[in-house]
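The first residue in the sequence is number 1, and the count goes up from there.
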Amino acid sequence: MTTKVTVQELYSDIIADLQPFYDDAVLLPNPQLIQTQFNISGTSGNQINVPLTNGPATDAGTVGEGNSILGGGTNASDFEPTSANISMVKRGVGTNVTEEALEDGGLATVRQAVLTRLSQGLAAATDDAGFSAMKSGFSATNYGVTGANSDFTTNFVFSPEAMAYGAKREPSVTMFYDNDLDLHQFRGTVRNGFVALRSGFGARVISEKVIGAQSAANLTNIAKAVAALRSNNAPTMLSGMYAAIIDSSLEYSIASQLNSVTQAAIGDLSVVGNRAILTGLIGQAAGCEFYRSNSLPDAS
């Protein structure tokens, strides 16, 4: 039979382990994929202004002795600082545990189930928000197939400097007991946000969701997106690659071309910290490290 003490111990265990479980489930807030990150926990305000500057000069001209530098050289324009704004948004998930479930299921089983539900729910909400920011913030050019409805997926190829992530509240959980229903209510929340810093550092590749569809995007579409990023001088990851997050349909299309995408060599993962990265990584090709996700937005 459960007691107040054992329920409190269960709650303490969930509080202690929620962050590691969340980190293992969430894909985007990882320095391998998003280099610019902020944590403003404990400070006032709910927005972050990320400073940006105009692009650097790409060339310099020949200047005659005594002549104007800007007149004979390339005018790189004045230093013009701007900013991108990250708004902190609360995301929440909950699960209820009856007293009978505690009595019959055992604390270890209940603890695992609660952690899985809360961490996966918060992680999915966080990734959904990040992909939504990519969809609206990256270049409007589509390097994939033609499609603009829910039958198509928006995949992404991007530089680690394309996005910024901010956190105001790390994953946390509260618990309440409802004596009328005789159940324990667990509620998890997180406050975070994303913003695209430079639209030209990320590209959209639309693909059809039907696996094996004739009009599915392929490796050529990915290569075009990579070429667009390179033309914009977008920095790569430490491996020299860009990140490409794709759905299972595009993964199948690329694998059909290469016939060995899941056996391709991968870069150094020593700085990668969560299981979502490790289990999502499917190989390298065309200048990209490929990651699979089921949270990508549709093309509507």
Please check this pair: side chain of Gln257 against backbone of Leu219, looking for a donor-acceptor N/O pair closer than 3.5 Å.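 Flag set: sc Gln257 to bb Leu219 pair under 3.5 Å.
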How long is the gap from [atom1] on [X] to [atom2] on [Y], to the nearest 0.5 Å?
| X | Y | atom1 | atom2 | value |
| --- | --- | --- | --- | --- |
| Arg111 | Ser12 | CZ | OG | 11.5 Å |
| Gln35 | Asn30 | CD | CG | 12.0 Å |
| Ser139 | Arg198 | OG | CZ | 14.5 Å |
| Ile206 | Leu250 | CD1 | CG | 11.5 Å |
| Ile245 | Met134 | CD1 | CE | 5.0 Å |

Result of checking Val93, Asp127, Val173 against Leu122 for side-chain contact (heavy atoms from CB on, under 4.5 Å): Val93
Name of the residue among Gln19, Arg275, Gln120 meeting side-chain contact (heavy atoms from CB on, under 4.5 Å) with Asp24: Arg275
Less than 4.5 Å apart, side chain to side chain, heavy atoms only: is that true for [X] and [Y]?
| X | Y | value |
| --- | --- | --- |
| Lys168 | Thr43 | yes |
| Lys209 | Asp151 | no |
| Ile222 | Ile254 | yes |
| Leu118 | Phe21 | no |
| Phe138 | Met163 | yes |

Looking at every heavy atom in both [X] and [Y], which two are closest together, and how far apart are they?
| X | Y | value |
| --- | --- | --- |
| Leu18 | Ser119 | CD1-N, 4.0 Å |
| Ala299 | Gly147 | CB-O, 3.6 Å |
| Leu197 | Ala164 | CD2-CB, 3.8 Å |
| Ala162 | Phe158 | CB-CB, 4.2 Å |
| Ala217 | Ser253 | O-OG, 2.6 Å |
| Phe201 | Pro235 | CE2-CD, 3.6 Å |

Taking a hydrophobic cluster as the set of Ile, Leu, Val, Met, Phe, Trp and Tyr residues connected by side-chain heavy atoms closer than 4.5 Å, whether directly or through intermediates, do Tyr143 and Val145 fall within one such cluster?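 Not linked; separate clusters.
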Do Leu296 and Ile211 sit in one hydrophobic cluster, given that two such residues count as connected whenever their side-chain heavy atoms are within less than 4.5 Å of each other, even indirectly? no
From CA spacing to verdict: side-chain contact (heavy atoms from CB on, under 4.5 Å), Met241, Val226: CA-CA 9 Å; Met241 302 281 181; Val226 169; over 6 Å; no
Please check if any side-chain donor atom of [X] sits under 3.5 Å from a side-chain acceptor atom of [Y], or the reverse.
| X | Y | answer |
| --- | --- | --- |
| Asn155 | Ser207 | yes |
| Glu170 | Asn39 | yes |
| Ser249 | Asp247 | no |
| Ser87 | Asn85 | yes |
| Tyr165 | Thr126 | no |
| Thr36 | Glu161 | no |
| Tyr22 | Asn274 | no |

Which word best sums up how the rings of Phe131 and Phe156 line up, parallel for under 30°, tilted for 30 to 60°, or perpendicular for over 60°? parallel
Under 6.0 Å from the OH atom of Tyr11, do we count more than 12 heavy atoms belonging to anything else shown? yes
Asn149 atom CG: more than 12 heavy-atom contacts under 6.0 Å: yes
Please say which of Lys90, Arg91, Arg169 ends up in a side chain to side chain donor-acceptor pair (under 3.5 Å) with Thr189.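 Result for side chain to side chain donor-acceptor pair (under 3.5 Å) with Thr189: Arg169.
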Only one of His184, Gln185, Arg187 forms a side chain to side chain donor-acceptor pair (under 3.5 Å) with Asn96, so which one is it?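 Output: one option passes, namely Arg187.
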